[in-house]
Amino acid sequence: MAMASVRSGLLRAALRGGSRPTAPPKRGFASSSHHDDAYETAKWEKITYLGAATCTVLAIYNLSKGHPHHEEPPAYPYLHIRNKEFPWGPDGLFETKEHH
């Protein structure tokens, strides 16, 4: 089998009229097929900046809108029952209430 491929290679070289070595065919990759890499890079850079700017504008708009303030719930007697005081005071650790 190897002898047949050598023989066919020699036959092809003789038919072409020269014994110069042939360069292997250049392999085409999918990423470089008919696309300019600089063009693609510039395109995605523009898309990234546009997306970042859009997200920033939407975040500023959403955060600048007011949000509804709800009324205080009624003081039900069964909520926040304290049978003994906390070591840090009468309120919960992260609660701050007015004492009378």
Side-chain angles (χ1 to χ4, degrees):
M1 180 101 167
M3 197 62 177
S5 64
V6 170
R7 200 175 322 140
S8 70
L10 289 174
L11 181 62
R12 267 188 259 135
L15 288 176
R16 275 192 288 221
S19 63
R20 61 188 160 107
T22 60
K26 188 173 182 181
R27 182 174 176 193
F29 293 101
S31 65
S32 64
S33 63
H34 309 308
H35 290 294
D36 187 15
D37 292 335
Y39 171 76
E40 287 293 317
T41 302
K43 177 181 81 170
W44 283 105
E45 185 177 8
K46 290 174 188 170
I47 290 172
T48 301
Y49 288 140
L50 181 65
T54 304
C55 289
T56 303
V57 168
L58 286 174
I60 290 171
Y61 173 72
N62 283 334
L63 292 174
S64 66
K65 290 191 319 184
H67 57 275
H69 291 272
H70 302 287
E71 297 177 9
E72 284 289 323
Y76 294 111
Y78 54 84
L79 294 177
H80 298 288
I81 296 174
R82 307 283 191 251
N83 291 330
K84 74 177 187 180
E85 231 178 78
F86 292 118
W88 51 83
D91 296 329
L93 188 59
F94 299 107
E95 294 175 9
T96 309
K97 294 187 179 176
E98 296 178 19
H99 296 285
H100 298 290

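Counting only residues at least two apart or on different chains, no side chain to side chain donor-acceptor pair (under 3.5 Å) pair has a member in residues 68-78. Note on residues 43-54: pairs passing side chain to side chain donor-acceptor pair (under 3.5 Å), not counting sequence neighbours, are E40-K43.
The hydrophobic cluster containing F94, built from Ile/Leu/Val/Met/Phe/Trp/Tyr side-chain heavy atoms closer than 4.5 Å, also comprises F86, W88, L93. Under the 4.5 angstrom side-chain criterion for Ile, Leu, Val, Met, Phe, Trp and Tyr, V57 has no cluster partners at all.
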Sequence neighbours excluded and cut-off under 3.5 Å, please list the side-chain donor-acceptor pairs for residues 58-67, or say none.
| unit_1 | atom_1 | unit_2 | atom_2 | d |
| --- | --- | --- | --- | --- |
| N62 | ND2 | L58 | O | 3.4 |
| S64 | OG | I60 | O | 3.1 |
| S64 | OG | Y61 | O | 3.0 |

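With sequence neighbours excluded, no residue satisfies side-chain contact (heavy atoms from CB on, under 4.5 Å) with K84.
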